[in-house]
Asks: 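Quick one: the structure is below, and I'll ask about it shortly.
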Amino acid sequence: MKRKLNHSHPVIVFGLASFVANCKSLSIDLPTLAQHRHHGKIQHPCRHSQAIRYKSYRTFHSVKPDSSEDFDGEEPQNESLQSSKSSTSLQEKLGHSFSVLQTAIAAFCAGSFLTVLSFFFFGYSFWGNDHASVYQDVSATKSVASARYFDETIPADPIQQKRKAVALYKTILEQLDQGYVHDVEPMILFETTTRAMLSTLDPYTEYISPDDMAKRQQLVGIGAFVMKAGNTPEFLDGKSVSTIMSLVPSEITLPTQLLPSEDNDMTSENAKFRVVLSLAGYAYDAGLRVGDEILEIDDQPVVGSLEGVREMLMGVPGTKVKLAFKRPGINKVQTIDVERKIVQFPNVPYAGILSNGSTISTKSAVSTESSGDIGYIRLRRFGIDAGISMKKAINSIQSDRMKGLILDLRDNSGGELLSAVQIASLFFPEGTYLGSSEGKGSLYPNESYHAGKSDLAQYGSASSDNNSKSRNGFAPNGDSSIYLDGKQVINPDNTNIVILTNQRTASASEFLAGVFQDLDKGVIIGSDESTLGKGIGQREIRLPYGSGLKLTYAKFYTPSGRCVQREQKEGINGRGKQDQSQKVFHTKNGRTVNDGKGIEVDYKSYPKTSRLSSLLSSSGAYFEFATEFCSKHQWPSIDPDFAVDDTIYNDFKSFVLKEQRMGNLNLDDVFDDQHLLKRIKTISVETNQHDSSLIQNSVANLRGKIVRDLLKDFDYCEDIIRNELEQNIIARQLPDSELIGRGLKSDELVKEAVRILEDTDKYRQLLHVPN
């Protein structure tokens with residue numbers, strides 16, 4: 001085993017030599033000492049003193065012994081003649097002996113000290129340089145001792161702590177690989193431990209495996225979302241499909257599962273795969289519609305898992321995939337070619353005018369009942385070019401008659417922070433302070449943001465999400481900048497502004513809402529108390545071997561100086577209860593705002609909601625009925641302005657009750673998403689309690705009561721259910737952008753915003769505008 005000892009070489013050699021030499025100088029001649037004591041020729045108060053070899057005495061003091069003297073154990077002859085001389089000689093020898101003894105002891109101590117010191121340097125050199133490989137040659141006992149050494153010597157210095165942590169981690173992996181009773185996969189262990197480690201920091205910092213990185217960078221899709229019919233849970237990349245679909249932005253509430261159709265065996269491999277969302281600019285333009293059943297992909301039958309179907313649809317950008325599908329109501333199989341593209345949802349999917357708060361138009365509409373028109377813009381995401389998209393949207397609806405603007409940020413999960421800065425610049429004079437971000441180190445410096453800046457690249461690489469590129473890689477076309485003149489196009493002093501939020505409003509959208517709130521230039525309205533509370537930004541960093549790290553690198557602050565991030569009190573694993581010790585800040589007009597709570601609304605609306613409608617959406621009941629409805633009516637005959645009449649509504653009620661009786665739709669299970677009732681029933685059966693039957697009857701009665709109470713919404717919330725059913729049917733014909741325009745007429749929060757904008761006194765009161 002080779003090991004560098006570095007600077008400890010001379011100390012080790014000299015220390016060992018000193019130790020050996022002094023041990024030799026202190027070697028003891030016990031027989032000689034005993035003989036002198038026997039004849040009484042050595043008398044000393046300390047009877048435990050050790051005799052020094054005369055040979056050593058003679059060497060150090062150059063004394064020649066008498067020729068008649070023999071120190072091989074025999075006494076000298078003529079003892080009587082030499083007694084006097086012997087006495088004097090012994091005294092002198094005794095003095096010299098103790099002098100030699102003192103010198104030897106001092107030399108021994110010095111040598112011992114150097115020896116110990118040499119071993120210290122040896123240990124430092126040993127443990128400080130790639131110590132882990134030494135474990136290959138030591139026993140299990142020595143490994144345990146070495147582990148104790150680590151535990152006792154972890155330094156306080158952060159740099160040394162990191163080195164020790166890396167060394168320990170490497171050692172553990174090597175020990176598991178070499179000595180664990182079963183074979184282990186080092187990369188699986190690494191990914192598992194890394195994800196567990198990062199989970200203690202925040203919900204957004206995460207490790208990205210090489211496979212996931214490859215999918216993000218190389219593989220693209222067709223702009224359509226497909227789901228498999230049946231009640232069997234499906235997973236994509238380890239996440240449930242229900243969770244993924246709940247996060248997909250859409251005007252209709254997308255199903256998280258599909259009901260099995262009457263001719264579909266939900267236990268077989270031949271389950272149907274249906275399109276639940278087709279995006280304009282992608283699959284929609286190629287002719288694929290919501291409700292279509294995918295039969296073949298590139299002449300290969302579509303069977304198996306949803307993940308396998310997704311892999312068949314994805315591929316290299318620019319390539320085409322051939323789809324064979326069947327549309328409800330049309331018997332023949334249709335085929336289309338769809339080009340694979342990098343799929344991105346539009347920044348602004350809709351912009352229009354609310355004339356008198358009731359009619360919708362993409363052009364300015366004059367109303368004799370209103371003193372002016374109200375603009376509406378849906379801002380769905382903060383892509384790198386969101387500032388340009390927003391400016392185009394404003395220009396498309398702006399007119400001299402526009403007295404108010406509704407900026408809808410509901411379900412906006414964020415994106416580029418600098419895009420939010422650019423959008424804010426469209427509403428505020430040049431030089432207005434808009435906020436800041438605080439990073440760590442030179443790679444992520446602190447930055448301040450002001451209205452009127454024209455180029456994202458001048459800010460560096462600040463981002464509030466994981467969509468960021470390199471410091472100069474902002475433009476989607478490879479350009480190093482996204483130019484925006486930064487000129488103010490709407491003056492909030494002349495145009496009242498309302499911003500709509502909910503609990504899914506997050507990140508960059510919270511920053512933008514915070515700018516309007518802190519500067520008292522817009523009223524925040526929502527049905528939820530506050531937004532999500534994500535005031536931190538992430539960036540994807542490429543790591544060796546094709547992997548990546550999604551890193552939280554900065555916090556951002558609104559103009560008042562607050563951060564909207566909901567902090568958690570750290571426990572053992574860094575997670576815990578929300579920290580309630582938030583600071584208080586004030587807006588420009590003196591209103592109180594809090595940090596650490598997201599963006600709290602200025603005005604809370606209480607629109608009517610229906611639990612039944614939400615369950616019918618997520619369970620796929622709306623989707624399946626709309627599919628059957630379209631199969632019974634000729635597709636082109638459905639008028640885009642059609643409404644659900646009483647006949648259609650009653651048919652839908654009957655459909656829901658039938659699916660509930662057949663067991664395809666279990667409203668009680670969907671309502672009890674934690675399956676508590678099922679657990680109670682299972683426990684009562686397994687434990688064989690004497691009252692098990694009573695418990696099961698009680699559970700059954702409770703299930704029945706839940707379903708009956710839910711079905712009452714067919715009467716209490718008829719308007720909500722009608723509107724959602726209507727949108728699901730029309731979604732077979734219209735793209736998502738047009739569905740947004742239709743839905744605004746029944747959006748209670750939008751109606752509330754219109755009332756606030758029409759009431760100037762109420763608007764000014766909410767903002768504490770001085771008279």
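Given the structure is predicted, the values throughout are model-derived calculations rather than measurements.
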Asks: Testing the basics here: between Ile536 and Ser507, what is the closest heavy-atom pair and its distance to 0.1 Å?
Replies: O-OG, 4.2 Å
Asks: Where does the angle between the aromatic ring planes of Tyr350 and Tyr376 fall among parallel (under 30°), tilted (30 to 60°) and perpendicular (over 60°)?
Replies: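 Tyr350 and Tyr376: tilted rings.
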Asks: Between Pro210 and Glu191, is there a side-chain heavy-atom distance shorter than 4.5 Å?
Replies: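 Yes - at least one pair of side-chain heavy atoms lies under 4.5 Å apart.
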Asks: Can you measure from CZ (Arg410) to OG (Ser509) and round to the nearest 0.5 angstrom?
Replies: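 Here the interatomic distance stands at 13.0 Å.
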Asks: Tell me every residue that passes salt bridge (charged side-chain N to carboxylate O under 4.0 Å, His left out) with Arg562, counting only those two or more places apart in sequence or in another chain.
Replies: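 Checked Arg562 against salt bridge (charged side-chain N to carboxylate O under 4.0 Å, His left out); matches are Asp518.
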Asks: Find the distance between CD (Gln727) and CD1 (Ile730) and round it off to the nearest 0.5 Å.
Replies: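 The CD1 atom of Ile730 is 8.0 Å from CD of Gln727, to the nearest 0.5 Å.
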Asks: Tell me whether Asp528 is salt-bridged to Lys604, with the criterion being a basic N under 4.0 Å from an acidic carboxylate O.
Replies: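 The answer is no: the pair does not qualify as a salt bridge.
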Asks: Does NZ or CZ of Lys521 come closer than 6.0 Å to the centre of the six-membered ring of Phe427, within 45° of the ring's axis?
Replies: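 Not flagged: Lys521 not positioned over aromatic ring of Phe427.
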Asks: Output yes when a side-chain donor or acceptor of Asn412 lies under 3.5 Å from a complementary backbone atom of Leu379, and no otherwise.
Replies: yes
Asks: Indicate the ring-plane relationship of Tyr553 and Tyr444, choosing parallel, tilted or perpendicular according to the 30° and 60° boundaries.
Replies: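 Tilted: the ring planes of Tyr553 and Tyr444 meet at 30° to 60°.
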Asks: Can we say Glu726 and Arg742 salt-bridge, meaning some charged N sits less than 4.0 Å from an Asp/Glu carboxylate O?
Replies: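 Arg742 and Glu726: salt-bridged.
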Asks: Would you call Arg380 and Asp736 a salt bridge, taking side-chain N to carboxylate O under 4.0 Å as the test?
Replies: yes
Asks: For Lys555, give me all partners under salt bridge (charged side-chain N to carboxylate O under 4.0 Å, His left out), at least two apart in sequence or on another chain.
Replies: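 Counting only residues at least two positions away or on another chain, Lys555 forms a salt bridge (charged side-chain N to carboxylate O under 4.0 Å, His left out) with Glu567.
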Asks: Output every pair passing ring-ring contact (aromatic ring centres under 6.0 Å, His included) with a member in residues 734-770, not counting sequence neighbours, ordered by first then second residue.
Replies: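 Every candidate ring-ring contact (aromatic ring centres under 6.0 Å, His included) pair involving residues 734-770 fails, so no pair, neighbours aside, qualifies.
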Asks: Might you confirm whether atom CD of Gln503 has over 12 heavy atoms from other residues, nucleotides or ligands at distances under 6.0 Å?
Replies: no
Asks: Could you tell me whether Arg378 and Asp411 have a side-chain N and a carboxylate O separated by less than 4.0 Å?
Replies: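 Between Asp411 and Arg378 there is no salt bridge, as every charged N stays at least 4.0 Å from the carboxylate O atoms.
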Asks: Regarding Glu752 and Arg755, does a basic nitrogen lie under 4.0 Å from an acidic carboxylate oxygen?
Replies: yes
